[in-house]
Q: 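The structure is given below, and queries will be raised subsequently.
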Amino acid sequence: MSLLEIDNLHVHFLSRDRLGEPRRARALNGVTFSLDRGEIIGLVGETGAGKSLTAQSVMGMLRPPAHRIAGTITFDGRDLATLPDAEMNAMRGSRIGMVVQSPMTSLDPTARIGAQLVRIQQAHGKIPRQQAEERAIAMLREVGIPDAPRRFAAWPHELSGGMAQRVLIAMALINDPVLLIADEPTTGLDVTVQAQILELLKREMTARGLATLLITHDLGIVAQYCDRVAAMFAGTIVEEGSVADVFAAPRHPYTARLIASAPDRVDLSSRAQFAGAPPDLTALPEGCVYRDRCPRAQSACAIPPPKADFGNGHAAFCHFPEPA
Amino acid sequence: MAVLRLLIRRLFFALPILFGILLLTFLLVRLSGNDPAGVLAGPTATGEDVIRITKQLQLDKPVWQQFIAYVNTLAHGDLGRSWLSDKPVVRELLIRLPATLEMVIGGGILGALIAIPLGLRAALRVNGILDHSSRILSLIGFGAPTIFLGLLLIYVFFYLFGWAPPPMGRLDLLTTAPPTITGSYLIDALLTGNWEAARSAAARLVLPCVCVATVYAAPLIAQTRAVAMDVLASDYARYARACGLPPRDIRRMVWRNTAVPVITYGATELVALFGAAAVLELIFSWGGVSQFGLMAILKGDFAVVQGFTLLMSLIAMAIFAVADIVVMSLDPRARK
């Protein structure tokens, strides 16, 4: 049994338009994947594909108008979706660590770095203050913050973006999680800093045997740091497999074009509209969600695509997968 | 250290600001079209009387000469004498100040104690019962003119129900005032253990303070709610939840981050209350300094108007300085 198993997860945004008519945006449509201990999976896709929403679902942090309509999320043998709030809250920040994309604004501006690192430890267990402080300083040192004892007393606004991201990584790791969710951890950082942060993450993930869900726009990051990759389009995982298999021979037309358009390294956020507008989640086509933009689409695509299995965990959801 | 720097900076800028205010007030009262000499002389006075008074007040001289003469006396710590009562302006103002402070500060504290928790709760439970009731309270405070609110409260609680004492001054008729220590009857009575006077002063304070509190709470509720909602939707509040911090920690964090803009805003509104107080003081025959200042404006007692404006400016500066010090203690970014 895998550490994290997401099965047929459906999340919809339910709201009403100005005339009071109910509106339903189908943001996640049957997301299914699993993650083993020590494994790094890269979740890629354009903006609005549902990558972050998937992460939020795992964290139990969906807020109205987002609602989980169907599906299960099993973490370490327990169904997170039915877990009481208090137990889910105990899980966040201890068993599941999270790193987010805007480190500068994600730290409490009115609390010192050290206080925030102590606070998260004390939120998840009885630990003497002094011990928590020592652990915090050790953790700051571990994530490569120079002069850790002095930084312990620093305020968030005194940190650079890269430093702040290191602090967030320290926050995520300090309670020894088994699962790490990194939601675009390097977006908005300088390129050189990006590489440092990713190296740090990779080192920690390997050393701790962490299962990691890495959400990114950047195929280059996936190729370099992940074991497996899952490509998302319109709230659906259209293809998944090992990084080697998928990059060598993408089978879903979407993944194929994604990779083809990225000779070395592509930032999807800046080119989200290659070959068509983002899908309208309130009016997704019947059958395959990629139908409207797909060059290979035929009338058969109006029925939901089957799972085409290519062995070694490589699969695509498509009626007419690309030849290898 | 940062506090000291702030105070020195404020003191440094206080003088030019006060001078500007002084000049502006001086010109404005002289442009107001009031004829103080005529008012002072009264309806039975002859033309000669008016000319004599005009000369006596030096109103026949050019405005710039009047201003220089005024600044000259002011530099010697003298605000001059009231043209109406012929008493020193400083004394006239200071003797009435405690009454106003008692009402405005009391009402302000009451208003803040209602508005801030209510605004925070409303933000935590948007569209809940508290949210809606706080919006109604806010609407009343915004919508009802102070004078109407005051008269309504008097009508209901004094005239209809008889629960409140008559709106005539700060003490019951037969109660002797406690010896002056702070000037606030309530505080002085409590300090001297005069329970009867304390009870009487407190009872008289209720309605005016409720009025002030309502006027103060209205914008403060809306502001607190709006800021707290921003804070709740912020990246750091999201991340705090992702860290599994207990609700108690999150509430404390939301409050600390909400407090900073709310305190700054609250200070501005508190200063505005001193103006709103004039009407309330009139209705409740309070005898405060705002009422006195308003009457001086209406009667053209220029010396008092100038002194009053100066006093209010000093109060505003003091309130802003206190607010900034509190903000500095809460927000490290303000300490740079």
Side-chain angles (χ1 to χ4, degrees), chain A residues 52 55-56 58-64 85-113 115-125 153-158 164 167-168 170-175 177 180-181 183 188, chain B residues 1-3 5-6 116 120 122-128 131 224 227-266 323-336:
Chain A
S52 293
Q56 281 172 31
V58 175
M59 296 295 282
M61 285 177 58
L62 290 183
R63 286 273 177 281
D85 275 354
E87 278 180 57
M88 186 67 233
N89 206 34
M91 200 86 91
R92 285 191 283 261
S94 62
R95 305 270 293 150
I96 308 177
M98 187 158 188
V99 178
V100 294
Q101 65 166 308
S102 36
M104 301 280 274
T105 51
S106 290
L107 291 163
D108 178 359
T110 57
R112 292 179 194 271
I113 303 305
Q116 300 193 46
L117 281 162
V118 168
R119 191 158 72 183
I120 188 172
Q121 292 179 73
Q122 290 182 329
H124 293 288
W155 298 98
H157 70 263
E158 296 168 342
V167 171
L168 279 206
M171 296 269 283
L173 297 179
I174 199 159
N175 287 324
L180 180 70
I181 297 178
D183 190 351
Chain B
M1 253 331 280
V3 172
R5 247 197 336 263
L6 172 102
I116 292 172
L120 282 173
L124 287 169
R125 293 253 162 86
V126 174
N127 286 329
D131 189 16
T224 308
V227 174
M229 279 179 69
D230 281 351
V231 170
L232 279 166
S234 68
D235 285 343
Y236 54 88
R238 264 187 94 68
Y239 191 68
R241 279 194 291 268
C243 287
L245 293 188
R248 184 174 40 89
D249 282 10
I250 292 187
R251 273 199 303 272
R252 191 179 304 156
M253 184 186 79
V254 169
W255 158 237
R256 273 184 80 96
N257 282 284
T258 305
V260 170
V262 165
I263 286 169
T264 309
Y265 180 76
D324 284 346
I325 289 168
V326 175
V327 163
M328 282 166 96
S329 74
L330 288 172
D331 189 348
R333 287 164 298 183
R335 272 172 241 159
K336 273 190 282 186

Q: Is the side chain of Asn175(A) donor-acceptor paired with the backbone N or O of Gly93(A) at a distance under 3.5 Å, no angle test?
A: yes
Q: Among Met91(A), Gln56(A), Met104(A), Gln122(A), which residue forms the greatest number of heavy-atom pairs with chain B at distances under 4.5 Å?
A: Gln56(A)
Q: With only heavy atoms counted, which part of Ala240(B) is less than 4.5 Å from chain A, the side chain, the backbone, both or neither?
A: neither
Q: Ion pair present between Arg256(B) and Asp108(A), side-chain N to carboxylate O less than 4.0 angstrom?
A: no
Q: Which atoms of Ile120(A) are under 4.5 Å from chain B, going by heavy atoms: the side chain, the backbone, both sets, or neither?
A: both
Q: Check each atom of Leu168(A) against the heavy atoms of chain B and say whether the ones under 4.5 Å are side chain, backbone, both or neither.
A: both
Q: Is His124(A) reaching over with its side chain to a backbone N or O of Cys243(B), donor-acceptor style, under 3.5 angstrom?
A: yes
Q: Please check: side-chain N/O of Arg92(A) versus main-chain N/O of Met59(A), any donor-acceptor pairing under 3.5 Å?
A: yes
Q: Arg333(B): what forms a side-chain contact (heavy atoms from CB on, under 4.5 Å) with it, not counting sequence neighbours?
A: Pro109(A), His157(A), Asn257(B), Asp331(B)
Q: Which one, Gln116(A), Arg119(A), Arg112(A), Met171(A), leads in non-hydrogen pairs under 4.5 Å with chain B?
A: Arg119(A)
Q: Answer with side chain, backbone, both or neither: which region of Leu245(B) has an atom nearer than 4.5 Å to a non-hydrogen atom of chain A?
A: both
Q: Given a strict heavy-atom distance threshold of 4.5 Å, which part of Glu158(A) is in contact with chain B: side chain, backbone, both, or neither?
A: neither
Q: Which atom names give the shortest non-hydrogen contact between Val227(B) and Pro261(B), and what distance separates them?
A: CG1-CG, 3.5 Å
Q: Checking Arg252(B) against chain A: side chain, backbone, both or neither under 4.5 Å from a heavy atom?
A: neither
Q: Which atoms of Arg238(B) come close to chain A, meaning under 4.5 Å heavy atom to heavy atom: side chain ones, backbone ones, both, or neither?
A: both
Q: Taking only residues two or more places apart in sequence, or in another chain, which ones meet Asp324(B) in a salt bridge (charged side-chain N to carboxylate O under 4.0 Å, His left out)?
A: Arg10(B)
